[in-house]
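These numbers were taken from a predicted model, which means no experiment stands behind them. We name chains A, B, ... by the order of the sequence lines, and we start the count at 1 in each one.
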Protein chains: 2
Amino acid sequence: MPNPQAKSRLTKMTKPTNRAEEAVADMGEQCLVKRSRLIGRTITGIYDDALRKVGVTAGQLNILAVVVRRGPISPGEVARYLHIERSTMSRNLERMKRNGWLTVCPGESARSQELRITESGRSIVLEAVPLWREAQSRTREILGAGGTEAIYRLADAIEERSVV
Amino acid sequence: MPNPQAKSRLTKMTKPTNRAEEAVADMGEQCLVKRSRLIGRTITGIYDDALRKVGVTAGQLNILAVVVRRGPISPGEVARYLHIERSTMSRNLERMKRNGWLTVCPGESARSQELRITESGRSIVLEAVPLWREAQSRTREILGAGGTEAIYRLADAIEERSVV
DNA sequence: TGCTCTAATATGTATATACAACATAATCGG
DNA sequence: CCGATTATGTTGTATATACATATTAGAGCA
């Protein structure tokens, strides 16, 4: 089955077009972003499934956990802890404030804010804890002990790097 | 610095409220979804950065690669290869068709479709290849040989599981 | 044949993500 | 003290993601 494009000599590329075929084979077999996204989507699905009954997502629970642990804390600091873009955090917090899980007060400097967990937010966390533990177990089963350890190491490698 | 909520005896929870504090410490130290999402976001950023100059995202390039390699192929099959929800794939493909990278024809049965790469899509792939290789290298540097290998193994574990 | 069940795709809605650009406030250097 | 730079947060825009649901078409069975 000859490729109709294979003989084109008018493209700007100096290499033969079947370069594309070779490259996409490499991508299928080696691409790290494809795999890291697969891992993220899959694990996120496990936690979101488990947490759905209390109406919180995995990402939201991680933010609540930071606020409980480090609060009062500014949006920017939460973003730095989780390595999430400030603008992303801004939108995420907006939803969580709307849900009544968090409150904001002006911080020390007029431009900064202080986030605090509300009673409602705290009870979400408390209800979520056992579901989170289940999801942790389910995930560990899928990944195995080695895979679980690998996730910790990978995250450490990334956090170290961002300190540089 | 005493916690004003710590002594509340009026909550509905039967356990002391500082359960939340203990649990969020566990989350900070052990949560796998927090870490898997960090890994996904970070690696995605590396590839998106590298690919930005040709105007394609990491996710889009992965889809193009599947279509080049396996096309003509239906949307559902692409979704299965990449373990992405069908409805997500539908939206992603919509954008890529709008960009002129893909075409759709009716497939064998009227309800299914056949995706094909266009000339324009193919040249996006060709331009993207060297940038993708750079991003692969940069990622490998950050993760190290062990981390890179771990990503492959984790993705394999997830793909095996979904076969079950 | 017709009825039910499943498969393929699309749509409505909600969340997550990031870049670019903005407004504003603090800080630092002179 | 003032001007440039940096830090904080928001908004506009675009992409990515998934669940629930609808639509339609094939498939299997009575």
Side-chain angles (χ1 to χ4, degrees), chain A residues 33-34 36-53 55-64 73-80 82-99 101-102 104-115, chain B residues 33-34 36-53 55-64 73-80 82-99 101-102 104-115:
Chain A
V33 73
K34 175 179 106 172
S36 70
R37 288 164 71 85
L38 167 66
I39 296 164
R41 278 195 308 273
T42 305
I43 298 183
T44 297
I46 294 169
Y47 286 73
D48 280 350
D49 258 13
L51 295 170
R52 187 159 301 121
K53 73 181 73 157
V56 69
T57 66
Q60 290 169 341
L61 183 59
N62 281 322
I63 292 172
L64 289 176
I73 184 175
S74 71
E77 283 179 283
V78 180
R80 273 191 295 274
L82 297 175
H83 300 262
I84 288 175
E85 242 280 324
R86 284 199 319 279
S87 64
T88 301
M89 188 54 62
S90 186
R91 261 67 180 250
N92 292 353
L93 293 172
E94 185 177 50
R95 283 183 277 269
M96 298 172 72
K97 288 182 271 185
R98 200 195 314 139
N99 290 348
W101 299 340
L102 296 176
V104 251
C105 307
E108 307 196 349
S109 40
R111 76 186 167 187
S112 83
Q113 302 175 352
E114 283 186 353
L115 294 164
Chain B
V33 74
K34 175 178 105 170
S36 71
R37 289 164 70 83
L38 167 65
I39 295 163
R41 278 195 308 273
T42 304
I43 298 183
T44 297
I46 294 169
Y47 286 74
D48 280 350
D49 258 14
L51 295 170
R52 188 160 300 122
K53 74 182 71 157
V56 69
T57 67
Q60 291 168 341
L61 184 58
N62 282 321
I63 293 173
L64 289 177
I73 184 174
S74 72
E77 284 179 283
V78 180
R80 272 192 295 275
L82 296 175
H83 300 261
I84 288 176
E85 243 280 323
R86 284 196 319 274
S87 64
T88 301
M89 188 55 63
S90 187
R91 260 67 180 250
N92 292 352
L93 292 172
E94 185 178 48
R95 283 183 276 269
M96 297 172 71
K97 287 182 272 185
R98 200 195 313 139
N99 290 347
W101 300 340
L102 297 175
V104 251
C105 307
E108 306 198 351
S109 40
R111 77 186 166 187
S112 82
Q113 302 175 351
E114 285 186 351
L115 294 165

Round to a whole Å and report the spacing from CD of B:Glu85 to P of C:dT11.
15 Å

Are any of the side-chain heavy atoms of B:Trp101 and B:Gln60 separated by less than 4.5 Å?
yes

Output yes when at least one side-chain N/O atom of B:Ser90 is less than 4.0 Å from OP1 or OP2 of C:dA10, else no.
yes

Rounded to whole Å, how long is the line connecting atom CG of B:Asp48 with atom P of D:dA14?
16 Å

Can you see if the side chain of A:Thr88 gets near the phosphate of C:dA18 - specifically, an N or O under 4.0 Å from OP1 or OP2?
yes

If you find the nucleotide of DNA chain D closest to B:Gln60 and the one closest to A:Glu94, which residue's nucleotide is nearer the 5' end?
A:Glu94

When you match B:Glu77 and A:Arg95 each to their closest nucleotide on DNA chain C, which lands nearer the 5' end?
B:Glu77

Which of C:dA26, D:dA18, C:dT17 is nearest the side chain of A:Ile84? It is C:dT17

Of all the choices, C:dC19, D:dT8, D:dA18, which nucleotide is nearest to the side chain of A:Arg41 once you look at every atom?
D:dA18

How many Å lie between CG on B:Leu61 and P on D:dT15, as a whole number?
16 Å

Check whether any side-chain N or O of B:Arg37 sits under 4.0 Å from OP1 or OP2 of C:dT17, and answer yes or no.
yes

Counting C-beta onward and ignoring hydrogens, is there a side-chain heavy-atom pair between A:Ile63 and A:Met96 closer than 4.5 Å?
yes

Using a heavy-atom cut-off of under 4.0 Å over every strand shown, decide if B:Thr44 touches base, sugar-phosphate, or nothing.
nothing

Round to the nearest Å and state the distance from A:Glu114 atom CD to D:dG9 atom P.
11 Å

A:Leu38 side chain reached by A:Lys34 side chain, heavy atoms, under 4.5 Å
no

From A:Leu64 atom CG to A:Thr57 atom OG1, the distance as rounded to the nearest 0.5 Å:
8.5 Å

Respond yes when some side-chain nitrogen or oxygen of B:Arg52 is under 4.0 Å from OP1 or OP2 of C:dA18, and no when none is.
no

Closest-nucleotide ordering on DNA chain C, the 5'-leading residue of B:Ser74 and A:Ala58
B:Ser74

Please report, rounded to the nearest Å, how far the C1' atom of C:dT11 is from the CG atom of B:Leu93.
15 Å

Presence of B:Ser112 side-chain N/O under 4.0 Å of C:dA8 phosphate oxygens OP1/OP2
no

Would you check if the side chain of A:Ser90 reaches a backbone N or O of A:Arg86 as a donor-acceptor pair within less than 3.5 Å?
no

Short side-chain N/O contact from A:Ser87 to OP1 or OP2 of D:dT11, under 4.0 Å
no

I want to check one thing: is the phosphate of D:dA14, taken as OP1 and OP2, less than 4.0 Å away from some side-chain N or O of B:Arg91?
no

With respect to the phosphate group of C:dA18, does any side-chain polar atom (N or O) of A:Arg86 fall under 4.0 Å of OP1 or OP2?
no

Mind checking what makes side-chain contact (heavy atoms from CB on, under 4.5 Å) contact with A:Thr88, not counting sequence neighbours?
A:Ile84, A:Glu85, A:Asn92

Can you check the B:Met89 CE to D:dT17 P distance for me, whole Å?
8 Å

Side-chain contact check for B:Arg111: nearest option of D:dG26, C:dA25, C:dA10 is D:dG26

Ignoring backbone atoms, establish whether B:Asn92 has a side-chain N or O less than 4.0 Å from OP1 or OP2 of D:dT15.
no

Whole angstrom value for the distance that separates C1' of D:dC19 from NZ of A:Lys53
17 Å

Rounded distance (Å) that lies between atom P of D:dA25 and atom CD of B:Gln113:
13 Å

